[in-house]
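One structure below.
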Amino acid sequence: MELIDRYVYAVAHRLPERQRKEIERELRGLIEDMLEEREGNGESRKDAVETVLRELGDPRELADKYRGRPKYLLAPEFTDAYIAVLKVVAGSIGLVLGIVFVIESVLDPWNILDHFVDGIVSFITVAMPQGFAWLTAVFMALSLAGVDGKKWDEYSGKEPWSPSQLPEVPDEKRRIPLSDPISSVVFIIFFTALFVLFSDKFGIYLQAEGGGRTVVPFFSEEGIRQYAWGFVAVAAATILLNVWKLRGRRWTPRLAWTHLAIQTLASVFLVFVFMDNTVYNPTFVDQLLQLDFLKENSDGVRFWTESAKLWVVPAVALGLVVDVVQTLYKTYRK
C-alpha cells in the first residue's frame, strides 16, 4: 500500500545508509503484524493502516529510536551529506593548492621545494582547519535550528504528525545522482578560491628577461577583490543548495525553484561584475607591447579586448536558459 511505502521511506531515509535495508524489512514486518491483528478484529484495511501508522508515530521520532541516539548537535540525517561534502571540500582545497603550487613552480622553478612545503603547511594548518570549521558550523546551525522539523514544529504551532504528512517516495525519474551535487560543490569551491585569490594568474604567460616566466593578467586583482563578498555569498548559497540535494536526492518543485532563484541571482551578479571595466587589466595591451608580444599596430587586439565584455550577457543568459529548461524538465516530467 502506498501509505505504508511512504511511511517506511520517511523513517529509513533518516538513517545511515548501511542500516536502511535491514530496518525497512523489520519495519514492514512490524506493520504487517499490527495490521493482521486489527484486520482480525474486523477493521478495514484502510482504517487499519491509518491507525497503525498513528500508533507508530512521527517517522522522525521512530528513526531516532532505531538510531538509539536522539540527542545531537549534528543531526544524524545530515551525516551522509556532511561526510560527502567534507570530502569534497578537502579535495577541492587540495586541488586549488595543487594548482597554485604548479603555477608558482612554473613562474619560480628555483624555489620549487619552498613552494611545496608552503602548500603542505597551508593545507594542514590553515585551509583544511578553516574548511572543516566552517562546514561543521553550517551543519550544526542547520541541526540546531531544527531544519529537520523538530524544533520548527514547536515554535510554528504546526499540527501533530499524521500519516497525511508523509512525503512521497521519490520517483526514479526525479532522482538526483550523487555525482551532480558533489561535482557542483567541487566546481564552485575551486572557481571561487582560484578566481578571488588568484585572479592575477589568469592571463598570457611569456618568457621574461633573464629567464623564468611572467604573466600578463586579463583581470585587475583589485577590481576582482572588490567583489569577493559576492563570489563568497554565491558559493555559500550554492553549497547549501547542494547539501539540500544530497539530503533529499530528488527534484521537487520547491527545490527546483530555489535552485533557479539562486542561479538567476548568481547570473545577475556575474553580469554585473564582468560588465564593470574596473575588473579588467587596463594596461593589458600595453604590457604585451612592452614585452614585444604584439606589434605596434595593435588596434585590432585592443578592440577585441575592450569589446570582449559584450559577450558576457548572451553567454550567461544562454547558460541560465539551458539550466531552467533542464531543471523544469527533471522536476515536472511524467
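Since this is a predicted model, take the numbers as computed values, not measurements.
- In summary, Glu24 and Arg28 do not engage in a salt bridge, as defined by a charged side-chain N under 4.0 Å from a carboxylate O.
- Leu255 has its side chain within reach of Ile176: a pair of non-hydrogen atoms, C-beta onward, lies under 4.5 Å apart.
- In plain terms, the two heavy atoms of Gln263 and Asp323 that are nearest each other are CG-OD2, 3.1 Å.
- Taking both residues in full, the closest heavy atoms of Ser267 and Val316 are given as CB-CG1, 3.5 Å, listed atom of the first, atom of the second, then distance.
- Side-chain atoms of Arg38 do not come within 3.5 Å of backbone N or O of Val52 as any donor-acceptor pair.
- By the 6.0 Å contact criterion, CZ on Arg254 is open, its count of non-hydrogen atoms from other residues, nucleotides or ligands being 12 or less.
- In terms of hydrophobic clustering, with Ile, Leu, Val, Met, Phe, Trp and Tyr side chains grouped at heavy-atom distances under 4.5 Å, Leu265 and Phe272 are assigned to different clusters.
- Using a 4.5 Å heavy-atom cutoff, the side chains of Glu50 and Leu3 are in contact.
- Within the model, atoms OH of Tyr227 and OG of Ser199 stand 13.5 Å from one another, a figure rounded to the nearest 0.5 Å.
- Interatomic distance, Lys245 NZ to Thr252 OG1, rounded to the nearest 0.5 Å: 11.0 Å.
- At a threshold of 4.5 Å between non-hydrogen side-chain atoms, the residues Val8 and Ile23 do not count as touching.
- Atoms CZ and CG, on Arg20 and Leu27 in that order, are 14.0 Å from each other to the nearest 0.5 Å.
- Put simply, the side chain of Asn281 never gets that close to the backbone of Ser220: no donor and acceptor are under 3.5 Å apart.
- For CD of Gln226, the number of neighbouring non-hydrogen atoms (other residues, nucleotides, ligands) closer than 6.0 Å is greater than 12.
- Between Trp244 and His259 the shortest side-chain heavy-atom distance does not fall below 4.5 Å.
- A distance of 10.5 Å separates CD in Glu22 from CG in Leu15, rounded to the nearest 0.5 Å.
- Linking Ile, Leu, Val, Met, Phe, Trp and Tyr whenever their side-chain heavy atoms come within less than 4.5 Å puts Val279 and Val313 in one cluster.
- When hydrophobic clusters are built by joining Ile, Leu, Val, Met, Phe, Trp and Tyr residues whose side-chain heavy atoms come closer than 4.5 Å, directly or via intermediates, Val268 is not grouped with Leu270.
- Residues Val49 and Leu30 share a single hydrophobic cluster, defined by chaining ILVMFWY side chains whose heavy atoms lie under 4.5 Å apart.
- Residues Val271 and Val312 approach most closely at CA-CG1, 4.1 Å, considering heavy atoms.
- For the pair Glu32 and Arg45, the salt-bridge criterion is met [side-chain N within less than 4.0 Å of a carboxylate O].
- The neighbour count for Glu37 CD, taken as heavy atoms of other residues, nucleotides or ligands under 6.0 Å away, does not exceed 12.
- Under the 4.5 Å side-chain criterion, counting only non-hydrogen atoms from C-beta, Trp257 is not in contact with Thr331.
- Put simply, CG on Asp5 and CD1 on Ile31 are 9.0 Å apart, with the number rounded to the nearest 0.5 Å.
- At least one donor-acceptor pair closer than 3.5 Å links the side chain of Ser183 to the backbone N or O of Asp180.
- Inter-residue side-chain proximity for Tyr332 and Pro253 is flagged as met; some heavy-atom pair is nearer than 4.5 Å.
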If you look only at distance, which donor and acceptor atoms sit under 3.5 Å apart when one is on a side chain in residues 234-243 and the other is two or more places apart or in another chain?
unit_1	atom_1	unit_2	atom_2	d
Thr238	OG1	Val234	O	2.8
Asn242	ND2	Ser184	OG	3.2
Asn242	ND2	Thr238	O	2.7

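- When side chains are defined from C-beta on, Leu328 counts as touching Leu260, because their heavy atoms get closer than 4.5 Å.
- When all heavy atoms are compared, the tightest approach of Thr192 to Ile188 is OG1-O, 2.7 Å.
- Relative ring orientation between Phe274 and Tyr280 is described as tilted, the plane-to-plane angle lying within the 30° to 60° band.
- In this structure, the separation between CZ on Phe195 and CZ on Phe202 is 6.0 Å, given to the nearest 0.5 Å.
- Cluster membership for Phe269 and Phe187, using ILVMFWY side-chain heavy atoms within less than 4.5 angstrom, is shared.
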